[in-house]
Amino acid sequence: MGSVERYDFKAVERKWQKRWSDWNLFKVVEDRSRPKFYYLDMFPYPSGELHMGHMRNYIIGDVISRYKHMLGYNVLHPMGYDAFGLPAENAAIQHGMHPKVWTEQCIQRMRSQFDMLGISFDWGRQIRTCSPEYYKWNQWFFLKFYERGLAYRRPAPVNWCPACETTLADEEAERGYCWRCSTPVEKRWLEQWFLKITAYAERLLEDLDLLEHWPERVKVMQRNWIGKSEGVEFDFELDGIMEKIKVFTTRIDTVYGVTFVVLAPEHPLVPKLIERSPRRFELYAAVQRMLSESIEERSSEEVEKEGAFLDAYAIHPLTKERVPVWVANYVLMEYGTGAIMAVPAHDQRDLEFARKYGLDVRVVIKPPDAELDADQMERAYVEPGIMVNSAQFSGMFSEQAKDAIADYMEQMGVGKRSIQYRLRDWLISRQRYWGTPFPIIYCDKCGIVPVPEEQLPVLLPPDVKITGKGGSPLSQVPEFVNTTCTRCGAMAKRETDTMATFVDSSWYFLRFCDPHNNDAPFGSDAVDYWMPVDQYVGGIEHAVLHLLYARFFTKVLYDMGLVKTKEPFTRLFTQGMIYHESYYCRRCRSYRRPEEVRSKRAGERRIVKCNVCGSEVEVGMDKMSKSKLNIVTPDYVCEQYGADTARLFILFIGPPELDAEWNPQGVEGMYRFLNRLWRLVNERLDDYIPDWREKLNELKPTLDDAQRGLRRKLHQTIRKVTDDIEGFGFNTAIAALMELFNEMQSFASSMRPKDEVEGFADRVVLSEAVELMQVMLHPFAPHIADELWERLGKPGSVYQHRWCDVDEDAAREEEQVIVVQVNGKVRDRLIVPVGISEDELRSLALNCKGVKAHVAGKEIKRIIVVPNRLVNIVV
RNA sequence: GCCCGGGUGGCGGAAUCGGUAGACGCACGGGACUUAAAAUCCCGGGCCGUAAGGCGUGCGGGUUCGAGUCCCGCCCCGGGCACCA
């Protein structure tokens with residue numbers, strides 16, 4: 001056996017990528033004779049670099065797509081670009097480059113990275129959301145939503161990110177900070193467009209139950225976000241004023257414990273009450289102070305409760321008692337009715353407030369086995385209990401009293417059951433350029449006029465000065481702004497805000513079914529064939545944002561009769577994020593790239609210094625992101641070791657649902673594996689017997705232990721790899737392939753001469769393993785698998801070949817290791833034939849070497865025999 | 001505070017049902033080949049101990065013949081929600 005040609009991964013990868021493309025291997029069309037499988041990755045924002053996080057996502061997708069195709073499915077595996085968005089605009093500001101040009105460059109660069117990795121996308125279906133052919137349909141959907149009353153414009157307090165110079169949806173203002181740049185969000189009062197997602201709150205919540213193949217935590221996050229609560233709504237009349245205060249409570253069982261009523265500072269009644277008060281200046285100042293607190297301050301944990309008495313009294317609807325009306329910062333206008341009934345004995349927040357301002361505390365529920373002292377309480381009693389001081393409801397269990405009081409109030413006509421959601425309408429106006437223009441015209445005479453469908457798309461004007469300052473860039477373009485009313489022909493102005501980019505990604509999975517349709521967003525035949533997406537994979541960061549919006553869109557489209565599925569994504573898998581060290585230099589006030597720092601060891605500690613200023617940098621562990629300069633792209637690994645090695649490595653790094661730290665140690669291992677495989681197959685090409693299948697049938701009864709052993713390993717591996725791919729266990733699937741290879745290699749090293757009968761059988765058995773190894777390897781490392789496949793004399797690509805079947809007879813164990821324990825401690829091991837009787841096992845165990853010493857002279861109390869596993873002798 | 005996820009060798013990580021803890025890989029040590037090195041191949045290893053043996057899956061209890069796995073009580077790391085009435 002002479003030396004074989006080395007594994008030239010560059011040549012192999014180039015060759016096969018070209019062939020796949022020349023053969024149009026991944027092009028897919030509707031084919032009703034085969035079951036369909038729609039695999040989708042979350043498409044990327046074209047920021048210019050594909051990093052390891054993306055790569056992990058897309059390689060997982062490629063493994064599944066190729067595997068499903070080999071199982072006989074008609075697989076749709078598309079890719080595109082979420083190409084509108086702020087970073088393009090920021091790049092334009094920084095580099096003076098048009099967002100379109102910048103985006104196109106990024107797309108080109110990312111496309112070359114996709115190609116480098118050899119992913120099986122049907123590129124004929126590519127989508128770019130910034131193309132008019134795509135965003136035209138955003139506008140079309142917007143008009144449809146508008147017709148149905150699901151899009152509306154209103155002045156509202158909105159989240160404003162001063163750094164991005166634009167508004168944000170609630171979902172984008174994470175705990176008071178901008179989701180993109182982490183700047184504290186401000187509140188502004190603006191006239192903005194909203195989509196009425198709250199109209200779908202109940203269905204978005206209920207249908208989560210249909211999603212049995214979604215991760216529980218994503219469903220929990222959506223449930224929390226929608227935040228449904230059931231309770232009772234009722235009014236307090238004001239004493240001596242012709243006004244009412246509507247409140248909502250989930251704890252109607254505590255209604256007899258109300259000792260005051262609180263309004264949010266923004267509540268419309270607040271100015272009226274202040275007006276009537278002799279202390280109006282004082283009160284006005286107090287409320288102003290509360291109003292000026294930022295969202296960040298008001299939602300932070302340690303904020304001091306503050307309030308003021310409004311010199312007004314409300315009448316309790318059941319007891320007719322007079323209770324004081326307060327205004328306080330801990331009541332939110334956005335939730336419920338913006339006013340609450342306060343029950344300090346049974347609500348911690350109300351108690352804190354009552355103690356601070358010396359308000360009454362009245363106990364109306366007590367624990368079954370104790371008394372409560374209203375004057376001494378430090379914690380509100382919030383658990384269920386026995387009703388007291390609650391008129392005819394006293395003595396009941398509070399859980400039952402909830403219903404009884406609600407019934408009573410409904411009968412008396414003073415209140416009604418009500419459901420509140422935390423979810424708020426989706427704000428989609430953005431004061432930026434690089435997005436979809438709203439198809440809306442404002443006419444002095446006609447008001448808001450939707451652009452007629454035939455006039456779509458409203459094109460984004462190409463020449464715009466983008467400064468990042470001073471509101472919507474489109475408002476600076478007179479040719480765009482000034483138009484005529486499509487209804488009355490008078491001079492009119494266009495809406496100059498653009499749509500949030502989450503609108504684009506809310507339906508792109510439908511467009512992939514029919515991406516070139518010029519007459520409709522998609523044809524129903526194509527969508528009915530492909531939808532729903534069978535497997536969706538992406539990062540957990542979209543658990544609420546994108547995944548909620550896409551579900552919402554799908555439901556509206558369902559109601560419009562455009563799609564037949566209530567939910568877009570049958571199975572969801574959220575992959576873990578890839579972390580990498582980041583270096584922040586305090587002195588320079590900026591992040592540093594890995595090559596801009598040097599590290600030293602000082603005893604136990606590692607010191608990392610900035611190359612620019614020499615001071616020590618802060619070493620963090622962060623999700624890869626451009627802003628932290630800690631991105632690692634697949635390029636280096638692909639350049640040094642090849643795409644197949646890179647693919648294996650990113651999968652081998654750990655379970656895909658868990659986060660992982662990027663550490664390239666270990667890449668070598670994958671590279672070595674592929675090299676060893678390359679060598680073994682090429683060295684043994686002459687030994688390969690193409691019709692091993694027929695030969696094997698004849699030889700089966702005569703195979704010896706070693707031959708049966710290799711076949712057993714092979715077929716057990718087929719079973720394991722199949723199960724592992726189905727269960728996203730890519731790391732263990734690769735380990736199984738390596739184990740099989742190790743056995744193949746040692747088998748090959750002791751093969752007998754060709755001309756002997758045993759030697760021939762050796763070759764037949766090895767041929768089976770070598771061939772099926774390529775089939776199993778293809779989804780993971782498709783280039784090398786296809787190359788070796790060809791060298792075995794096979795036509796085409798393994799992709800066109802069927803996945804392997806397990807030969808159950810071959811996979812069956814013949815003998816097994818039985819562990820012998822004494823008092824639960826392992827003392828010996830026995831190798832016995834499968835199916836040995838319990839009695840035989842017992843006597844073998846009692847007589848084996850390791851046991852005797854530990855049993856000698858002791859009484860045997862019990863012997864536990866677990867078939868196929870172990871014998872435990874208890875003394 | 002509530003709800004998830006995680007904690008296993010020097011490192012990444014394996015281990016359907018409670019039944020051999022540490023698969024596979026990295027790094028490391030030894031050997032073979034080589035004038036030498038690289039590459040490759042073979043061998044080795046949880047820790048303590050000369051050994052017999054003992055101890056080992058974040059900590060403390062429990063159930064069991066037997067616990068990484070089940071139960072109870074904690075600790076640490078990461079994430080989500082949080083003044084939502």
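The structure presented is a predicted model; accordingly, all values stated were derived computationally and were not measured. Per chain, numbering begins at 1; letters A, B, ... match sequence-line order.
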Please confirm whether the backbone N or O of A:K402 pairs with a side-chain atom of A:D253, one donor and one acceptor, at under 3.5 Å?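 No, A:D253 side chain to A:K402 backbone: no donor-acceptor pair under 3.5 Å.
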Could you let me know what [N] is paired to, Watson-Crick or G-U wobble, both distances under 3.5 Å, or none if it's on its own?
N: B:rG10; answer: B:rC26
N: B:rU50; answer: none
N: B:rG78; answer: B:rC4
N: B:rA15; answer: none

Hey, what's the ring geometry for A:Y357 with A:W326, parallel, tilted or perpendicular (30° and 60° as the breaks)?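 Answer is tilted, since the angle falls between 30° and 60°.
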When you measure from the centre of the six-membered ring of A:Y330, is the NZ or CZ of A:K305 under 6.0 Å away and within 45° of the axis?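 Ring-cation test returns yes.
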[X] side-chain proximity, nearest of [options]:
X: A:Q745; options: B:rC41, B:rG12, B:rC55; answer: B:rC41
X: A:N742; options: B:rC81, B:rG19, B:rC24; answer: B:rC24
X: A:R679; options: B:rG80, B:rA23, B:rU40; answer: B:rU40
X: A:V819; options: B:rG13, B:rU20, B:rC41; answer: B:rU20
X: A:A735; options: B:rC24, B:rU40, B:rG19; answer: B:rC24
X: A:F248; options: B:rG25, B:rG19, B:rA85; answer: B:rA85
X: A:N329; options: B:rG12, B:rG13, B:rC83; answer: B:rC83

On a whole-Å scale, what distance lies between the C1' atoms belonging to B:rG49 and B:rC55?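 B:rG49 and B:rC55 have their C1' atoms separated by 11 Å.
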Distance between P atoms of B:rA15 and B:rU8 (Å, rounded):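 Per the computed distance, 15 Å lies between those P atoms.
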Report the glycosidic orientation of B:rG54: syn if within 90° of 0, anti in every other case.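 Anti, which is what one calls it when the glycosidic angle falls more than 90° from 0.
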Taking syn as within 90° of 0 and anti otherwise, name the glycosidic form of B:rC17.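 Nucleotide B:rC17 adopts syn.
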Starting at CD1 of A:I873 and ending at C1' of B:rU20, how long is that distance when rounded to a whole Å?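 Atom CD1 in A:I873 sits about 15 Å away from atom C1' in B:rU20.
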Atom-to-atom span, CG of A:D724 to P of B:rC24 - whole angstrom: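 Rounding to the nearest Å, CG of A:D724 and P of B:rC24 are 15 Å apart.
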Hydrogens and angles aside, do A:R676 and A:Q745 bring a side-chain donor and acceptor to less than 3.5 Å of each other?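 Yes, because at least one side-chain N or O of A:R676 sits under 3.5 Å from a partner of the opposite role on A:Q745.
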Check: A:S229/A:Y335 side-chain N/O donor and acceptor closer than 3.5 Å: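 A pair is found: one side chain offers a donor N or O, the other an acceptor, under 3.5 Å apart.
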Answer with base, sugar-phosphate or nothing: what part of the nucleic acid does [X] contact at a heavy-atom distance below 4.0 Å?
X: A:I864; result: base
X: A:N675; result: nothing
X: A:V826; result: sugar-phosphate
X: A:S749; result: nothing

Could you tell me whether A:F673 and A:W678 have their ring centroids closer than 6.0 angstrom?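 Ring centroids of A:F673 and A:W678 are no less than 6.0 Å from each other.
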For B:rC81, does the base pair up with any side-chain atom of A:N224 as donor and acceptor (N or O, under 3.5 Å, distance only)?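 No, no donor-acceptor pair under 3.5 Å.
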